[in-house]
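Input: a single structure, listed below in structure tokens.
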Amino acid sequence: MTRMRSYNFIAQPHSILYYTQRTTNGGFLISEASGISDTAQGYPHTPGIWTKEHVEAWKPIVRAVHEKGGIFFCQLWHAGRPNGNPPISCTDKPIQTDKDIGGSNGAIFSTPHRLTVHEISQVIDDFRVAAKNVIEAGFDGIEIHAANGYLLDQFLKDQVNDRTDEYGGTLKNRCRFPLEIVKAIAQEIGPHRVGIRISPYADYNECGDSSPDSLGLYLAEALNQYNILYCHVIEPRMITQFEKQETRRGLLPMRKAFKGTFIVAGGYDKNGGNEVLRRGGADLVAFGRLFLANPDLPRRFEVNSIINKYDRSTFYSHDPVIGYTDYPFLDEANSREFVRPL
């Protein structure tokens, strides 16, 4: 989950504490999204992984996680339209909303540059090189961020992708670019080190699709040809970024189609996570906001204890402590006012 504490796009020493607080022996951590190039960053102070300086900055963080027995993947992204660099995308249609990542008004989104076919090949290579850098930094693998309305998701969704070449129009063509990135990265670092995050049902950053069931199933089946480690999917109920909505749609067809490890995310608590695992809806459940506010979340689940309430106002602030590393552990919480029963 984006935290925006990596000043000038460089991972900072205070992130050592943040990630190690949330590390358990054998636990699986996915980093916040890291940019693959100087055109990738959608928001200020998000980490990068495209230069030697970025690699060296990540190394002590990764080493600290490994020293506590954690398994650590780096999420790779290109923001696409939510970027003022100017932005690049599959289209030249700008985002119309004025809301920023935290939901506040006042954001201004520039008109994106529509990528040429040659430029698309350059972005694919940027992802490949970034994946190589991730392994050099010591990470165990990478997660390709193809969700949440960012660049790869923009190519996938027919409400954004208005191309008429081999990267637009049909479902197969719209999926071509993300799948070419999967192939390039799997060939570079090995498919056993590769996962992908997708959100076929979501409409973040004005990036929806007219047939999300078809999109999700096509992707799940197409990913099998690359033998990647996992597919991480946002639940259909998370149409918007933070609020769950009632829906009859589900991920079971994708779950059955994908042959690797299937991870689900989207507003889960302990009981909901256990239930989806019990009925075979997933192999793993991902936690974001709960883990952000509860560095010892696995322990709290284990003893069926209270959990800290998260403070959304500090999700994307730049303070290296407040809302970042100051959430209390269970033995510190007691009955303080920001805790509630599980």
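Predicted, not measured: the structure shown is a model, and the values here were computed from it. We number each residue from 1, following the sequence as shown.
Annotation: Y268 is not in aromatic contact with F287 [ring centroid separation under 6.0 Å not met].
Between D162 and R114, at least one side-chain nitrogen of the basic residue sits less than 4.0 Å from a carboxylate oxygen of the acidic one, meeting the salt-bridge criterion. Between K132 and E136, no side-chain nitrogen of the basic residue sits less than 4.0 Å from a carboxylate oxygen of the acidic one, so the salt-bridge criterion is not met. Ion pairing between a basic and an acidic side chain is recognised when a charged N comes within 4.0 Å of a carboxylate O; R278 and E275 show such pairing.
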#### Entry: Chi angles and distances behind the side-chain contact (heavy atoms from CB on, under 4.5 Å) call for S317, R5
CA-CA 7 Å; S317 65; R5 269 88 168 175; 3.0 Å; yes

### Task
Would you check, one step at a time, whether the test side chain to side chain donor-acceptor pair (under 3.5 Å) holds for D213 with Y201?
CA-CA 8 Å; D213 293 324; Y201 296 90; 2.6 Å; yes

### Message
Go through it in stages, so that I can follow the logic: the residues are R193 and V134, the test is side-chain contact (heavy atoms from CB on, under 4.5 Å), and I'd like the CA-CA distance, side-chain angles, deciding distance and then a yes or no.
### Response
CA-CA 11 Å; R193 295 179 181 271; V134 164; over 6 Å; no

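Classified by interplanar angle (parallel below 30°, tilted 30° to 60°, perpendicular above 60°), the ring pair Y150/W77 is perpendicular. Classified by interplanar angle (parallel below 30°, tilted 30° to 60°, perpendicular above 60°), the ring pair F262/F258 is tilted. Between F9 and W50, the ring-plane angle classifies as tilted under the 30° and 60° cut-offs. Ring pair W58/Y19 is tilted by interplanar angle, where 30° to 60° counts as tilted. In this structure, F155 and F177 have tilted ring planes: the angle between them lies in the 30° to 60° band.
Within 6.0 Å of NZ on K59 lie more than 12 heavy atoms contributed by other residues, nucleotides or ligands.
No side-chain N or O of T261 forms a donor-acceptor pair with one of D283 less than 3.5 Å apart. A donor-acceptor contact under 3.5 angstrom links the side chains of E143 and Y230, judged on distance only. No side-chain donor-acceptor contact under 3.5 Å links S89 and T91. Between the side chains of Y167 and E180, at least one donor-acceptor pair of N or O atoms lies under 3.5 Å.
Distance check, rounded to the nearest 0.5 Å: OH of Y327 to OG1 of T314 gives 4.0 Å.
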